[in-house]
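Following: one structure in structure tokens, then a few remarks.
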Amino acid sequence: MQLTPWYGDSPIIELDGDPSAIGGPTIRQRRRLVEVLGTFTDDQWNHPSRCDGWSNRDVVTHLQSTNQFWSFSIAMGLKGEPTQFLATFDPVASPAQLVADAPAVGTAELLDQFAASTEALAAQLGSLDDAGRRATAEAPVGHVSISALAHHAIWDSLVHERDILLPLGLAPTEVDAETIASLRYAAALSPAFAVSRAETPGGTHVLAVEPTDADAFRVQVTDHVAIETGAADGQPDLCLEIGRAHVCTPVT
């Protein structure tokens, strides 16, 4: 399996709203994970995660490498030189190989590295002005704004937080801002990869998403993917209600 990232001047995913709003949730989630990991025993570090073949330590090793990539991608985007490193990235084999090849370090050192890379990422995101947040950088789906990159970062890390905690019987902290940001971005990912592979049928297609206790939003798919707050105009191609008994009827 290999990614098909879209590279170019026009971001393949566009999200409405304040581009600065994602910075706080992205860093809060990572700092919370660092704090929780600091309480782990050796058995908890070595416990199998939800990721097949990975211990919790392996997941943190992976997150450490993603922190480093996000920081480098942001730095290059701010220089006006967005990278194209993920053109040959395999989301199944590549992370596993990176974890297998990671230098052998003690648990305390790994936690220190993860904490340091988290703070480096926090400093980067905290230093951005509006132009910086809208600058183009590389994420797995291709070239997007740095704000959209932060959405990918929190979605990925929020999932991995659960990969670590749930097998231990620990309840993850749930924060609405983190969950909604992740949901909005996740809803855009599959359509964006379909667009980048030229697998969409053309025209305009709309997915309406109606979460419980959160604003509805729509995913509009053309030659890119736009996430827009509010209900869809007219009948969408597909409608998803999350957390409710009733499910929208898709167009037939």
Has the side chain of N56 got a donor or acceptor atom that lies under 3.5 Å from a matching backbone atom of Q44? yes

Is it the case that the side chain of E138 and the backbone of F85 share a donor-acceptor pair, with hydrogens and angles ignored and the cut-off at 3.5 Å? yes

Same apolar cluster: I154 and L121, side chain cutoff 4.5 Å: no

Please state whether the rings of H62 and H160 are parallel, tilted or perpendicular, taking 30° and 60° as the class boundaries. perpendicular

State yes or no: do L15 and I180 share one hydrophobic cluster built from I, L, V, M, F, W and Y residues joined by side-chain heavy-atom distances below 4.5 Å, directly or via other members? no

Please work out which of the three classes, parallel, tilted or perpendicular, describes the rings of Y185 and W155, given edges at 30° and 60°. tilted

Checking T118 against N67: is there a side-chain donor and acceptor pair closer than 3.5 Å? yes

Any salt bridge linking R218 with D16? Criterion: basic side-chain nitrogen under 4.0 Å from a carboxylate oxygen. no

Regarding S117 and Q68, is there a side-chain donor-to-acceptor distance under 3.5 Å anywhere? no

Joint cluster assignment, I227 & L158, ILVMFWY side-chain distance < 4.5 Å: no

Looking at every heavy atom in both S196 and W6, which two are closest together, and how far apart are they? CB-CB, 4.1 Å

Answer yes or no: are there more than 12 heavy-atom neighbours, outside D18 itself, under 6.0 Å from its atom CG? yes

A21 versus P25, closest heavy-atom pair with distance: O-CD, 3.0 Å

Do S49 and R57 meet the criterion of a side-chain donor-acceptor pair at a distance under 3.5 Å? no

Looking at every heavy atom in both V225 and V195, which two are closest together, and how far apart are they? CG2-CG2, 4.3 Å

Pairwise side-chain contact, R32 with T173, heavy-atom cut-off 4.5 Å (strictly under): yes

Do W54 and T61 come within less than 4.5 Å of each other through their side chains, counting heavy atoms only? no

Exercise: identify the closest heavy-atom pair between A137 and I146: CB-CG1, 3.8 Å

Closest approach of I164 and P167, non-hydrogen atoms and distance? O-CD, 3.6 Å

Check whether any side-chain heavy atom of V60 lies under 4.5 Å from a side-chain heavy atom of L110, and answer yes or no. yes

Looking at every non-hydrogen atom in both residues, tell me the closest pair between V144 and P11 and how far apart they are. CA-CB, 4.0 Å

